[in-house]
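The next block holds one structure in the form of structure tokens; read it before the comments.
Residue numbering restarts at 1 for every chain, and letters A, B, ... go by the order of the sequence lines.
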2 protein chains.
Amino acid sequence: MDKRRITLKDIAKALNLSPSTVSRAMKNHPAISLETRDLVQKYAEEHKYKPNPMAMRLRMNRNNVIGVIVPEIVHYFFSTVLAGIQEEAERQNYNILICHSNENYDREVKSIEMLLDAGVDGILVSQSKSTVKYDHFQEIIDNGIHLVFFDRICTGINTDKVVVDDYVGAFHAVNYLIETGCNRIVFLGANPHLPISTNRKMGYEDALRNHRLPLENEFIAVCDTPDLVQEVVPRMLSRQPVPDAFFCINDEVAAYCLQLIKSAGFRVPDDISICGFTNSYITEVTSPTLTSVDQHGFEMGKESARLLINRISGLETKSGVVSRVIKTDLVVRESTR
Amino acid sequence: MDKRRITLKDIAKALNLSPSTVSRAMKNHPAISLETRDLVQKYAEEHKYKPNPMAMRLRMNRNNVIGVIVPEIVHYFFSTVLAGIQEEAERQNYNILICHSNENYDREVKSIEMLLDAGVDGILVSQSKSTVKYDHFQEIIDNGIHLVFFDRICTGINTDKVVVDDYVGAFHAVNYLIETGCNRIVFLGANPHLPISTNRKMGYEDALRNHRLPLENEFIAVCDTPDLVQEVVPRMLSRQPVPDAFFCINDEVAAYCLQLIKSAGFRVPDDISICGFTNSYITEVTSPTLTSVDQHGFEMGKESARLLINRISGLETKSGVVSRVIKTDLVVRESTR
DNA sequence: TTGTTTTATGCAATCGTTTGCATAAAAAAT
DNA sequence: ATTTTTTATGCAAACGATTGCATAAAACAA
């Protein structure tokens with residue numbers, strides 16, 4: 001074992017050829033005679049020649065690696081996106097380097113430094129909740145590295161992005177809630193500087209307006225973690241009249257919300273409907289099961305990777321910003337009427 | 001923008017020095033005068049010199065990359081392990097390349113090829129359920145690349161591994177079930193060629209034996225997916241007397257099991273107790289919440305990465321197989337009495 | 001002054017590929 | 001037989017960094 005991998009030079013020496021000839025023979029260069037070509041390729045095959053990736057990358061100044069930064073890895077939506085990125089990257093012979101910011105600005109900055117140091121050809125980012133400065137993103141662009149945002153895009157930087165149709169997704173979901181008889185609908189959102197949150201809020205508000213329902217500020221709250229649910233939801237439930245629906249920023253919030261509402265003595269969906277966002281696997285294991293908006297994370301991952309790789313390879317030539325939108329689908333389950 | 005990164009040669013030219021001097025100055029080589037050293041370092045700092053990673057890797061024949069193959073990415077346990085691997089790798093300045101086999105042998109083989117082609121320094125594998133041939137693993141070793149298995153280890157290959165204490169975890173869990181009054185306990189396991197399954201089964205059996213309870217083959221089944229739950233669990237419930245506990249191979253199975261049992265009219269835990277394995281976040285959102293065995297995936301990831309990197313760097317010198325065991329913890333929730 | 005040691009620097013090879021250009025040999029045209 | 005064209009191959013530089021060895025310049029000793 002530990003037999004060192006054979007190199008081009010080794011083949012050249014063994015066959016009494018020059019490395020250049022061997023190199024060309026391997027890539028079917030027309031100037032090489034069929035005879036030599038076959039000889040070289042047969043030898044290479046037999047000795048399991050594999051080009052040295054490091055040498056290749058140095059020569060080509062192309063790493064065939066893209067970096068990905070997600071807020072968290074252990075997270076249904078993001079891991080789904082990662083799977084999509086992986087699939088597309090693999091198809092196009094790229095490898096991916098994955099970092100997670102843990103929703104932390106400093107880690108995000110460090111991750112970007114790491115990826116740049118590693119020599120990635122491009123970076124995909126879904127920004128952390130706590131990020132409000134954007135120099136580190138600009139740094140990527142200044143280094144001549146392509147940058148594509150996905151889902152949690154950064155409005156402060158002008159670059160390609162792939163987003164979910166948050167507005168329409170929210171609009172449809174809230175519409176559905178209204179049409180099934182709800183009219184005091186709570187929106188549990190996230191930090192307002194994240195477009196995913198404000199866009200959904202707009203969808204929510206427009207759906208209400210469309211049905212001439214009042215917009216009440218008391219029905220809107222930042223509540224995107226289990227902890228916040230414990231704090232916010234009881235407050236909502238103590239209002240008179242009690243809300244009759246909760247539209248939540250993600251499935252986890254919806255699930256905890258559901259628990260709390262049930263243990264407060266309300267029936268779901270008879271008294272209160274609940275709708276989540278993402279359509280993760282927890283929607284199937286709660287009782288009642290959760291209605292949710294499917295974000296098609298896998299598609300988003302594939303699309304983001306495709307866009308980035310097209311930029312790298314020069315296939316995507318648009319000089320301005322390319323913006324892709326992934327459709328959503330409302331998946332109705334038992335937590336809504 | 002797109003200012004090409006500055007190189008050693010650039011610095012050399014600008015300062016009228018040779019590349020070798022600059023290289024040495026950067027690494028504080030003693031043979032370089034303080035004057036020159038400071039001059040170079042200052043210039044490098046100002047012009048944000050970053051060594052070219054490809055050149056470095058070629059020279060050093062060290063990629064500082066480890067490959068990871070998991071059966072699935074969108075999976076609580078595996079994504080937790082990945083997070084652990086990431087943390088340790090980052091700490092030691094390694095990058096990770098992630099592949100998923102999708103529980104498919106062919107993809108596993110291809111993933112390994114890809115990783116070898118990418119020039120990784122080592123590989124971490126949790127094998128797919130369908131893998132029964134091991135040549136591709138041997139191939140890794142034959143190429144002189146370090147290999148560490150984690151969780152789903154491969155008994156056919158003699159190499160380092162990190163596992164969870166499946167036997168003890170199962171033993172304690174079943175013990176707990178018995179001590180809380182259950183004595184007709186079903187074991188829903190996985191494919192018997194996976195040690196994680198057989199080890200847990202042994203723990204299950206020994207716990208029963210310890211309490212002089214009968215081992216019944218009818219209470220043991222391969223049932224590790226939601227689909228199989230639909231098929232297997234009704235069969236179990238139709239037996240007389242009805243089982244009074246289900247010990248499941250993972251939380252997903254436990255959650256679907258719970259649903260089915262509830263809708264069959266049994267009360268959980270009063271009539272039937274349920275215990276899962278992994279302690280994923282779905283344990284908190286079912287009702288009742290799920291008792292489960294925590295596998296400490298993050299720890300396992302860190303430990304696996306640490307072991308692999310120590311092998312690569314030569315820090316771990318043991319000539320035989322190194323085997324690490326991660327402890328488990330039973331987390332009691334509402335689905336058991 | 002000459003010889004020896006110390007100090008600081010540069011040369012050139014190396015890692016494994018790729019590629020522009022030169023060139024030898026063979027084939028075709030004159 | 002000579003020139004031109006074609007065909008097949010090799011040389012050498014390049015990618016960006018590292019490192020053994022040689023060496024120029026300075027410092028010291030005799």
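The main-chain N or O of A:I32 is never found under 3.5 Å from a side-chain atom of A:T36 such that the two would form a donor-acceptor pair. At distances below 3.5 Å, not a single donor-acceptor pair connects side-chain atoms of B:H146 with backbone N or O atoms of B:L124. Using a distance-only test at 3.5 Å, with no hydrogens or angles considered, no donor-acceptor pair links the side chain of A:H100 to the main chain of A:N102. Looking only at distances, a side-chain donor or acceptor of B:Q41 sits under 3.5 Å from a matching main-chain atom of B:A25.
Residue A:T7 has no polar side-chain atom (N or O) positioned under 4.0 Å from OP1 or OP2 of C:dG16. For the OP1/OP2 pair of C:dA8 and a distance below 4.0 Å, the side-chain nitrogens and oxygens of B:T36 include no atom meeting the criterion. Contact annotation: A:T21 does not reach the phosphate of D:dT9 (side-chain N/O to OP1 or OP2, under 4.0 Å). Taking side-chain N and O atoms only, B:K9 has a distance below 4.0 Å to OP1 or OP2 of D:dC15.
In this structure, CD in A:Q138 is found 9.5 Å from CG in A:N158, a value given to the nearest 0.5 Å.
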Nucleotide N/O of nucleotides 5-7 of chain C paired with protein N/O under 3.5 Å:
none

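Taking B:D10 as the reference, B:T7 meet the side-chain hydrogen bond (donor to acceptor under 3.5 Å, both in side chains) condition, with sequence neighbours excluded. The salt bridge (Lys or Arg N to Asp or Glu O under 4.0 Å) check on A:K110 picks up nothing, with sequence neighbours excluded. B:N93 meets the side-chain hydrogen bond (donor to acceptor under 3.5 Å, both in side chains) test with no other residue; sequence neighbours excluded. Here B:R37 pairs with nothing under the salt bridge (Lys or Arg N to Asp or Glu O under 4.0 Å) rule; sequence neighbours left out. Taking A:E88 as the reference, A:R91, A:R306 meet the salt bridge (Lys or Arg N to Asp or Glu O under 4.0 Å) condition, with sequence neighbours excluded.
If you check every strand for non-hydrogen atoms under 4.0 Å, A:D10 touches nothing.
Atom-to-atom, CG of B:N61 to P of C:dT17 comes out at 11 Å; the value is rounded to the nearest Å. Remark: C1' of D:dT9 and CD1 of A:I11 are 17 Å apart, rounded to the nearest angstrom. The distance between atom NZ of A:K13 and atom P of C:dT17, rounded to the nearest whole Å, is 13 Å. One atom, CG of A:N63, and another, P of D:dG16, lie 13 Å apart when rounded to the nearest Å. One atom, NE2 of A:H29, and another, P of D:dT9, lie 12 Å apart when rounded to the nearest Å. Rounded to whole Å, the distance from CG on B:D38 to C1' on C:dA8 is 15 Å. Atom CD1 of A:I6 and atom C1' of C:dC15 are 17 Å apart (whole Å). In this entry the distance linking CD1 of A:I32 with P of D:dA8 reads 8 Å, nearest Å.
For A:L8, the side-chain atoms get nearest to C:dT17 when compared with the rest of D:dT9, D:dT19, C:dT17.
End-to-end axis angle for the helix from C:dT1-D:dA30 to C:dA29-D:dT2, using five pairs per end and rounding to 10°, comes out at 70°.
Each of B:N64, B:N63, B:N52 was compared with B:R57 under the side-chain hydrogen bond (donor to acceptor under 3.5 Å, both in side chains) criterion, and only B:N63 meets it.
Among residue pairs with one or both ends in residues 59-86 of chain A, none qualify as salt bridge (charged side-chain N to carboxylate O under 4.0 Å, His left out); sequence neighbours excluded. Pairs passing the salt bridge (charged side-chain N to carboxylate O under 4.0 Å, His left out) check and including a residue from residues 17-30 of chain B, sequence neighbours excluded, do not occur. For residues 147-159 of chain B, the pairs satisfying salt bridge (charged side-chain N to carboxylate O under 4.0 Å, His left out) are B:E103-B:R152, with sequence neighbours left out.
Of all the residues in residues 49-57 of chain A, not one reaches under 4.0 Å from DNA chain D with any non-hydrogen atom.
In terms of polar N and O atoms assigned as donor or acceptor, the side chain of B:R59 comes within less than 3.5 Å of the base of C:dT14 in a complementary pairing.
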Base versus backbone protein contacts along nucleotides 20-26 of chain C [heavy-atom cut-off under 4.0 Å; B, S, -]: B------

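Along DNA chain D, the nucleotide nearest A:M60 and the nucleotide nearest A:E35 are compared for position; the residue whose nucleotide lies closer to the 5' end is A:E35.
Looking at B:V65 and B:I96, their side chains never come closer than 4.5 Å, going by heavy atoms from C-beta outward.
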